[in-house]
Each structure stands twice: as structure tokens, then as C-alpha cells.
Asks: 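Structure below; questions to follow.
All values derive from a computational prediction rather than experimental measurement.
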Amino acid sequence: MLLRDLNTGEKAVIKKVELGDEKAVKRLADLGVFAGESVVLEGGSKRKKFFVISAGGKKAGVSLDVASAIIVEKAGRYEF
Amino acid sequence: MSFSGEAIIAGMPNSGKTTLFNNITGLSERVGNYHGVTVGKVSGEARYKGGKFVLSDLPGTYSLTPVTLEEKVTVNEIKNTRLPIIFVMEAATFLSAAKIINELVRLKKPMILAVNMVKELTRRGGKIDCGYLQKKLGVRVIAGEFNKKKDADAVKNAIVNGEFSVPKSELDGGDFSRAFTPAPYKKSRFDSLTLYGKFSVPLFFAVCFCVFYITFGRYGIGKILSDLLKNFIVDFLGARIERLLLSMRASEFTLRFWRQAVIGGMGQVLSFVPQIVILSGLITALELSGYLSRAALATESFLYKSGLNGRSVFTMVAGFGCTGLAAACANGLENENAKKRTLIVTSLIPCSAKIPVVQYLAAQPVFESRFLTLTALYLCAIFVGVIELLLTDKFFIKEKRPPLILELAPYRKVDFRTLIKSLKKTAGSFIIKLSTVIFTLSLAVFVLKSFDFRFRYVGDDYGASILYRLGGAVNFLFLPIGAGDKKAAVAAISGLFAKEGIISALIALYGEIIPLKKASLFAFSAFVFLYTPCFTATSMIAGVTSAKFAFKAGAAQFFTALLFSYGCYFLITLPYIAFPVFAAVLAAIFGYEKFYRSKKRKT
């Protein structure tokens, strides 16, 4: 499934980042968003066109096109 | 033995490097609560307890494999330098910082590890064991809050005492868990309101409005201070010096030069300074608090198609005051294309100098309703803005908008010392930059208005001046809208130097009432509303982008405004023919745009 399909508060493990833009992939990796890392979706929605994820102690905001390019696997819920 | 050489500060973006640098050197480099604030190497000298050393601040990098230009600067410097490094990291991001620390261990660089914002990590429920890190790495580890003098002095002391050492071993997985307990993820209460809430976008606009009103509003502090300064410069200082010149029997030329080039030009610029300082102060405070990156995300829902984001909106808000100032604000945008797109739209926003011109034109007796005329002009600007943004993708910026990825640093209290330091610097650099540019331009306008082509002084004979002749040369452009009497063209050229010049030129040439027909005057007003910003603003746009882009965008805006004014004249005078033609042109533009986008999606 895609990151954009997660619900707020859901935890997931990143399987693949399928972005064509290498710089964007590197920037995501810098923020702790890379294959194998687990992320928590803090908020955002398709309607709002952005998502906020927490990974590796950092919080990152990504646009819908980025959230549509991150393949994840659900790993339960996170209680904020 | 005390250290008296040079050292460099490096670290991840948004870890507090520049704050530490400013606190050690006493300089006031710009700081921000997001990456990309420091874009090049900055050096400063510091003295402490009899020791003297030079410190250089480098842009932040997430690893020693660079992506952006500023990261390349840092990585090259770190890899090639033999200087000791003060590596600054934010306590909460230890796991990410550990990657770079290990890279530095492998490079065998002498270093001090400065761990910033430890209190914040503890407050959020996390923990970092700096003693363990010091023992494991074999380097001096200093923990603290580097916006506080006491903690910055601890780093200074370590530098002066030469406490740099080459780290002895890398950190591994076991060390991570032993030295660091991450803070649990926590949703910020503010984020529920400013980012996810239903009112996040209206709140953003309310913030924009407040920023705008405080700076430019009738009862806003910026406007009040600007008016006071203007009165002081023009009425008090200007009048006294003029009296002195008169008592010295100065020539008419000297007096005119004093009134028009010095007081009219320089006085205007200096009176902008309070507004510039207040606007940049408010935006810096929003940046430092962490709100600006949230705003950029919150506005994504309605800006994502246009290639703009929330930070662009702040630039556009500044555009209502002064396009030149907005161009300076655009410098904070993270991406070159975002900067260009934003500036294209901002150029169409009526600046505070253009507003009185348009109000003057709308108040002409030929128009029945001033309100309706102004509304129609604003609607024209919105329409042209949308068309220009659509055409921008095709002709100016072929590269599509880069994906939006932002680090959202936690909300922080604004450090007023940092804010004041940054404002002092902004005010100083604006006074220097604008004074030189404006003074040169004021001088140029004065020469063009006061001399003929043989460089003879023409005095009040405006019709013989170079400016009037230049107006005659471009007169043909205004023939299609029925304003081909040179005067409109002269006024338009005056507006390229400073928008205020349009009113004075129109009054000098036509008198209080402009004897043009309704259609011609509306078309001319639309042109004035939409055409190229003044040379000062254009030069500021060139400064933050490139001279080529500023010229291309300026020329495109001029011709778009001209074509649009022809369209307006055509629509008013021949509505039955013009409306179908206009609808067909619009359908062609939007149809092509849709086709172009779907083709792009397929490829």
C-alpha cells in the first residue's frame, strides 16, 4: 500500500521509495524516510494534499505526490 | 597552551550552528528554523580569555554525500580541511547525526562535539548520555542550549583551550541504545490548529493579513513610523536644507536637484526603512517559531497546481507593500523555480506605490463608479495572474515543480536577541542596497526630465526633455487604445523609474482631468496596473534570480499588459465581436494547457 492510504496514527514500515527525483529521495533519506525504516503518520490527507510523518526522531511534511511514491506495509497503530 | 588558529562549525541543518556561531563571534548571521538558511561559508573572529581564533560557519548537511550546492560546500570543506571541527547536533536527532559522526571518525578529523537543545529532548521524555559519548568517541562533548551565553561560552572555552581530539572509535548499534533514548512521538497542540485543523488555511490568511496590516495598514505601526520618518526627512530636514540653499542663493538647477533627486528619491527610500524592518522582523519571527514551514504545508491544498507554496504567499503579501521588498523576501524560498514562479505572480500584485496611481485613474470623472472600476482592475490582475502562471510552465520554467519535502522542526519560543540582531542586519543592508540603487535611478530620472538630447537644461519645459522624446518613440504602442498623444507613453515610461512618477507625469502633461475616452482610460489603467515593476524592484528581482530572468519576465509582463489593455479596449468598444473572440482565445489557452498537461502525464 501507499503512504497516502494510511490513516492518522498508523505505523508502517517503508518498503520502497519510488520517486524519480534523486535529490528528493536523498532528502527523504536524510529525514529518516528510507526502505526498512518505520514511520508513523501523524496527520494530513489526500484532500489536504499533504502528509506529516515522523521517522528517526524527525518530523517531515511531504506533498501528495511524494506520499503517493512511498510504498509501505502497515505495522499497527501508534498512540500519540 | 591556548588555541589561536581557525576552526569550523559543521552539523546537520537546523541544529543551531549559526546560533552558536553568532554567540561565539558576536556576529549576526541569519538563522532560521528550517534548512538552507546558511548558504555559504561565513567566517568571524572571536577572543576569549586572552586567546584569539577564527571560526567559520558552514551550511548544514545531512551526510557527507552531498545533494544540494550548499551541502557540497560543506562536504568539500570538511573533507579537504585540516582545521579542527566543532560538530553541532541537536540532541533529539542523535540517530541521524550519528551517521555523520561516524563518517568524521573515519576521516580522523580533530573535533569537539556540541550537543544542542538537550533540555528540549529531556522535556519531551527523551535522554542523551553525553558522558558515555565522550568516553566512547574519545572527544570532548559539550551539552547545552547554545542560544544561551553560558553554554556558548563553554564551547568558546573548549576552543581556546584547544580541547580538540581525533575520535578513536565509531558508534555502533549498542552505543545508540545505551547513549540515547528517543523522545516519544507527540502531536503538537499547535499543529492541531495550524496544520491539521479546519481553520489552518483561514488562520494562515489571518496571519498574512495581520503581517500586512501591521506593516502597511493605515493604523499599522509600520505605516505610522514610515510617515513620521518621511515627514522628518521631507518637511523638517528637506525644508531646512532648502532654506539654507536659498539663503546661499543656490541656482534653480541646484534647488530642483535637491527637491527631485535627493529628497524625492532618497527621502522616499529612507521612509520605507521602518516598514522593511517590521515586515522582515515579523516574517523572521514566524520562521524562527517554526510556523512558516507549517504554513507552506497547510496551503498546499490550494497552491499545489500553481507550483507555489505557503512561503510564496508571504512573498506575495510583501508584494502589496513593495515589489522590491517582496523580491528580497523571495530569497528565503527553498527552490530557484519556486522563487521565479512566485516573483512572476508578485510582480502583478499592486504595490503600495501603484495603488494611489490606480486610485487616481479610477477617480477620473469619465468613470461612473470608482469602486466598480477598481474592482474590475483587480479582477483583471487576478485573471492575468492565472494566465501568466499557466504560460510560465510553458515558456519560462519548463522543469516541473520539485516534490515538497519539509523538515518540521518543533515550535520554539522566538529568541528576541537573535531577532533583533537579524533585524539590524536587514535594515543596514537595505539602506545600503536601496540607497545606492534608488539614488542612481533618481539621478537618471532627474537627468532625463531636466535635459534635452543636446544635454541643455530645459527647466519647466517638460516637452523638450529626453523623457518626453522617449515617450514619443514608444507612442505607437498606445495608438490601438486611443491614447496615442505621447503623454500616456511618457507617464508609462516615468512609471518604470518609480510608480509614483506616473501621477506626477499625468498631472504635468494632462492636468488634473485626463481627457481620454472611457475605453481608452480603462485600457490605459489596466496597462498601468499590470505592467513591469519599477527598475528598483526589477533590479532586486535580478539580484535574487538572475539578470536574464528579470529582463525576460519584465519584458513578458510589459507585453502581456499591453496586449491585455488592447483586449480591454476592444471588449469595451466592440463587445459583440470582442466577446466571442475573447472566449475563443481563452478556450484555446485552457484547451492547450489541458492537452499539454495530459501529454506530460502520459510521458
Asks: Does atom CZ of B:Phe199 have more than 12 heavy-atom neighbours, drawn from other residues, nucleotides or ligands, at distances under 6.0 Å?
Replies: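 12 or below, so no.
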
Asks: Is A:Phe34 atom CZ crowded by more than 12 heavy atoms from other residues, nucleotides or ligands, each under 6.0 Å away?
Replies: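 More than 12 within 6.0 Å, yes.
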
Asks: Based on non-hydrogen pairs under 4.5 Å, which of A:Lys26, A:Arg47, A:Lys49 is most in contact with chain B?
Replies: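 Most heavy-atom pairs within the cutoff with chain B belong to A:Lys49.
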
Asks: Quick check: are there more than 12 heavy atoms from other residues, nucleotides or ligands sitting under 6.0 Å from CZ of B:Arg178?
Replies: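 Atom CZ in B:Arg178 is not crowded, with 12 or fewer foreign heavy atoms closer than 6.0 Å.
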
Asks: Minimum heavy-atom separation for B:Glu300 and A:Ser63, please, with both atom names.
Replies: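 Nearest pair, atom of B:Glu300 first, then A:Ser63: OE2-CB, 3.4 Å.
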
Asks: Measure A:Val62 against the heavy atoms of chain B and call it side chain, backbone, both or neither at under 4.5 Å.
Replies: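 Its backbone and side chain both get close to chain B.
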
Asks: Counting only heavy atoms closer than 4.5 Å, note whether A:Ala29 contacts chain B via side chain, backbone, both or neither.
Replies: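 Contact with chain B is through the backbone of A:Ala29 alone.
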
Asks: With a 4.5 Å limit on heavy-atom distance, are the side chains of B:Leu195 and A:Phe50 in contact?
Replies: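 Side-chain contact under 4.5 Å: yes.
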
Asks: Looking at B:Lys127, I want to see if its NZ is surrounded by more than 12 non-hydrogen atoms of other residues, nucleotides or ligands under 6.0 Å.
Replies: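 No, not enclosed.
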
Asks: What part of B:Thr61 is in contact with chain A, defined as an atom under 4.5 angstrom from a non-hydrogen atom: side chain, backbone, both or neither?
Replies: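 The answer is neither part of B:Thr61.
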
Asks: Who among A:Val33, A:Leu28, A:Val52 has the most heavy-atom pairs with chain B under 4.5 Å?
Replies: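 Top option by heavy-atom pairs under 4.5 Å: A:Val52.
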
Asks: As an exercise, state the distance from NZ of A:Lys59 to CG of B:Leu406, rounded to the nearest 0.5 Å.
Replies: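 Atom-to-atom, A:Lys59:NZ and B:Leu406:CG are 13.0 Å apart.
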
Asks: From B:Tyr196 OH over to A:Lys48 NZ, what is the distance, rounded to the nearest 0.5 angstrom?
Replies: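 The distance works out to 10.0 Å.
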
Asks: With a 4.5 Å cut-off on side-chain heavy atoms, are A:Leu31 and B:Ile405 touching?
Replies: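 Yes; the side chains approach each other to less than 4.5 Å.
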
